[in-house]
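Taking it in order: structure first as structure tokens, then the write-up.
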There are 2 protein chains.
Amino acid sequence: MNPIGNLNKIFESRIRLGVMSVLMVNEEVSFNDLKQMLEVTDGNLASHLSTLEESAYIKVHKGFIGRKTNTTYSITKAGEKAFKGHLAALEAMIKFSS
Amino acid sequence: MNPIGNLNKIFESRIRLGVMSVLMVNEEVSFNDLKQMLEVTDGNLASHLSTLEESAYIKVHKGFIGRKTNTTYSITKAGEKAFKGHLAALEAMIKFSS
DNA sequence: CTTTTAACTTTGATGGACAAAGTGCTTTTC
DNA sequence: GAAAAGCACTTTGTCCATCAAAGTTAAAAG
């Protein structure tokens, strides 16, 4: 059967994949840290983040460090579930290919 | 470090990913079998196949079954290497996310 | 011969990725 | 306290990719 039938369309983008993967291991990550880890422009990152937010896979927290604004992102339950599902589909595909 | 830095751009498409994954386990696969396994339109499949061919990741054999034409596809050495590299990058990302 | 099948190519619409520039707010530096 | 810089975007515009649908060519089946 179809080895790619269970892949999630949202995670076809390498950047969104990267965001999710970072947020799986770090409870909260700032915009700037994501930007540096993934080596993308801020505009590009922002648009992928908003795609993920619209899918309810991540959520935003606008906080402060002292008096300075600090926006952080974290994964939602739904996001964790969806991402794990995607990883399982990838693993199945990898297993299929060996 | 960047968890997605080693992903191969060619394999960001689910269909190309599927083609490669099928060709990893089957020596030769016909156009029609690919089409059915991946559930895509023929035009769409053809264009992805030609992308993979231009990257020298797959090669085409135009043969016959009796007198009837039969086109099959197979993976190249370079394709196998590139795909394995991509799978390793995916696995690294998955490991990173857990 | 007409229809069907295979394996495409062409066409055209849609949408996504991306960089660059602009924005508003705040903080730091001189 | 004015200027510069940083943060977290939004807007704009370009380019490219995806995809379906229709057209094409050749061969085979009915």
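All chains are named by letter (A, B, ...) in the order of the sequence lines, taking the proteins before the strands, and each is independently numbered beginning at 1.
Here A/Lys84 pairs with A/Glu80 in a salt bridge; the nearest charged N to carboxylate O distance falls below 4.0 Å.
Between A/Phe11 and A/Phe83, the closest side-chain pair of non-hydrogen atoms falls below 4.5 Å. Put simply, the side chain of B/Leu90 reaches to within 4.5 Å of the side chain of B/Leu87, judged on heavy atoms.
For C/dC8, the OP1/OP2 oxygens have no side-chain nitrogen or oxygen of B/Ser50 closer than 4.0 Å. Between A/Asn44 and C/dA19, a side-chain N or O to OP1/OP2 separation shorter than 4.0 Å is present. In terms of phosphate contacts, A/His48 brings no side-chain nitrogen or oxygen within less than 4.0 Å of OP1 or OP2 of C/dG16.
Taking a 6.0 Å sphere around CG of B/Asn6, one finds it holds 12 or fewer heavy atoms contributed by other residues, nucleotides or ligands. Atom CG of B/Asn2 has more than 12 heavy atoms from other residues, nucleotides or ligands within 6.0 Å.
Protein atom NZ of A/Lys68 is 9 Å distant from nucleotide atom P of C/dT27, rounded to whole Å. Regarding A/Phe11, its CZ atom lies at a distance of 13 Å from the P atom of C/dA17, rounded to whole Å. The CG atom of A/Asn70 sits 12 Å away from the P atom of C/dT27 (whole-angstrom rounding). Rounded to an integer number of Å, the gap from B/Asn32 CG to C/dT5 P is 10 Å.
Using a 4.0 Å heavy-atom criterion, one finds that B/Ile15 contacts the sugar-phosphate atoms exclusively. Contact annotation for B/Thr51: no contact, since no heavy-atom pair falls under 4.0 Å across all strands. Counting any heavy atom pair closer than 4.0 Å across all strands shown, A/Lys62 reaches sugar-phosphate atoms only and no base atom. As judged by a 4.0 angstrom heavy-atom cut-off over every strand, A/Ser13 is placed among residues touching the sugar-phosphate backbone only.
Considering all non-hydrogen atoms of both residues, A/Ala89 and A/Leu7 come closest at CB-CD2, 3.7 Å.
Screening B/Leu23, B/Leu52, B/Asn26, B/Val29 for a side-chain contact (heavy atoms from CB on, under 4.5 Å) involving B/Tyr73 leaves a single residue, B/Leu23.
Mapping A/Asp42 and A/Phe64 onto DNA chain C by nearest heavy atom places A/Asp42 closer to the 5' end of the strand.
Here chain A contacts DNA chain D (any atom closer than 4.0 Å to a heavy atom, that is under 4.0 Å), and the contacts span D/dC7 to D/dT10 from 5' to 3'.
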